[in-house]
Amino acid sequence: MKKKHFIIINLLFLVLTFLESGIFTEVLWHGWGGFGDITMEYTVEGSVGSFFLVCFLPVSVMGIFLIRMGLCIKKKADWKAFCFDCTGALAGTGLGLGAFFLIPFFAWYNPVFQWGRQMAALLIDCFCWMEYPMP
């Protein structure tokens, strides 16, 4: 049972890491106009919205971690299982970041990564978070 739990936590954090790296990549590169075009800048609402997009998953993961730690303290649960879960979470995050930086072709063709990019692009375009700079 512990092996299944470790694999599930590992895969969950791997998916969350790919989703967050896709969001971060799109927020970072969305305004870039390419070679010769005018780059766009974030509006005030856009900087707040992009900050929320980039920070939502890490903050929610830390919240889940603190809730889980509080439940372990309250219930006097097995700390060995809690450390095993933390190891699985760190391994999943490490695998996701390692794949993103060391095997970029795998990350770019990953559907979860592309879903994060498309979700961020949709929010940026629909809510008009970017505009052309005024000369």
Side-chain angles (χ1 to χ4, degrees):
M1 182 66 180
K2 289 189 178 194
K3 288 182 182 178
K4 288 182 183 177
H5 193 69
F6 181 79
I7 291 171
I8 289 170
I9 288 176
N10 197 343
L11 290 176
L12 174 71
F13 276 85
L14 181 68
V15 166
L16 288 175
T17 303
F18 277 132
L19 185 68
E20 180 63 26
S21 60
I23 290 171
F24 183 72
T25 302
E26 190 62 33
V27 166
L28 185 66
W29 289 101
H30 195 75
W32 187 56
F35 297 101
D37 291 338
I38 300 173
T39 58
M40 298 178 77
E41 295 177 352
Y42 282 100
T43 61
V44 175
E45 297 88 11
S47 36
V48 170
S50 63
F51 178 77
F52 179 74
L53 271 177
V54 169
C55 292
F56 177 72
L57 281 176
V59 168
S60 63
V61 166
M62 289 301 294
I64 291 170
F65 175 73
L66 291 175
I67 289 170
R68 174 89 166 104
M69 191 166 48
L71 289 175
C72 281
I73 292 171
K74 184 178 178 184
K75 292 183 179 180
K76 305 282 189 212
D78 186 20
W79 279 94
K80 188 183 285 186
F82 178 71
C83 291
F84 198 65
D85 292 347
C86 289
T87 304
L90 287 174
T93 305
L95 283 173
L97 289 176
F100 180 69
F101 287 112
L102 298 176
I103 315 170
F105 65 89
F106 176 73
W108 282 96
Y109 294 116
N110 187 342
V112 178
F113 178 81
Q114 292 299 327
W115 184 54
R117 286 193 68 196
Q118 295 303 318
M119 182 178 61
L122 177 77
L123 290 173
I124 291 169
D125 290 338
C126 284
F127 291 116
C128 300
W129 286 351
M130 299 195 85
E131 63 184 11
Y132 286 107
M134 300 305 269

The remaining residues in the hydrophobic cluster of Phe113, counting side-chain heavy-atom contacts under 4.5 Å among Ile, Leu, Val, Met, Phe, Trp and Tyr, are Leu97, Phe100, Phe101, Trp108
Besides Leu122, the hydrophobic cluster formed by Ile, Leu, Val, Met, Phe, Trp and Tyr side chains linked at under 4.5 Å, directly or via other members, contains none
Would you name the heavy atoms of [X] and [Y] that are closest together and state the gap between them?
X      : Y      : result
Gly88  : Phe6   : CA-CE1, 3.2 Å
Arg117 : Gly22  : CG-O, 3.2 Å
Glu20  : Val54  : OE2-O, 2.6 Å
Ala99  : Ala107 : O-CB, 4.1 Å
Pro133 : Ile38  : CD-CG2, 3.9 Å
Thr25  : Ser21  : OG1-O, 2.7 Å

Hey, could you give me the [atom1]/[atom2] distance between [X] and [Y], rounded to the nearest 0.5 Å?
X      : Y      : atom1 : atom2 : answer
Ile124 : Met40  : CD1   : CE    : 10.0 Å
Phe82  : Thr87  : CZ    : OG1   : 10.0 Å
Glu45  : Cys128 : CD    : SG    : 10.0 Å
Met69  : Asp85  : CE    : CG    : 13.0 Å
Phe52  : Leu123 : CZ    : CG    : 9.5 Å

Following the transitive rule for hydrophobic clusters with a side-chain heavy-atom cut-off under 4.5 Å over Ile, Leu, Val, Met, Phe, Trp and Tyr, establish whether [X] and [Y] coincide in one cluster.
X     : Y      : result
Leu16 : Ile8   : no
Phe84 : Ile64  : no
Leu12 : Leu95  : yes
Trp32 : Met130 : yes
Leu90 : Ile9   : no

- request: Decide yes or no on side-chain contact (heavy atoms from CB on, under 4.5 Å) for Met119 and Ile23, but give the supporting numbers first.
  value: CA-CA 7 Å; Met119 182 178 61; Ile23 290 171; 3.4 Å; yes
### Message
Would the distance check show the side chain of Tyr42 and the main-chain N or O of Val27 forming a donor-acceptor pair, the cut-off being under 3.5 Å?
### Response
yes
Answer yes or no: is there a donor N or O on one side and an acceptor on the other, between the side chain of Thr93 and the main chain of Phe13, under 3.5 Å? no
Check your understanding: Are Leu53 and Glu26 close enough, and set up right, to give a side-chain contact (heavy atoms from CB on, under 4.5 Å), and what steps lead you there?
Key -> CA-CA 10 Å; Leu53 271 177; Glu26 190 62 33; over 6 Å; no
Quiz item: Any side-chain heavy atom of Leu14 within less than 4.5 Å of one from Phe18?
Solution: yes
* Would the number of heavy atoms belonging to other residues, nucleotides or ligands and lying under 6.0 Å from CZ of Phe24 be above 12? -> no
Plane angle bin for Trp129 and Phe127 - parallel if under 30°, tilted between 30 and 60°, otherwise perpendicular
parallel
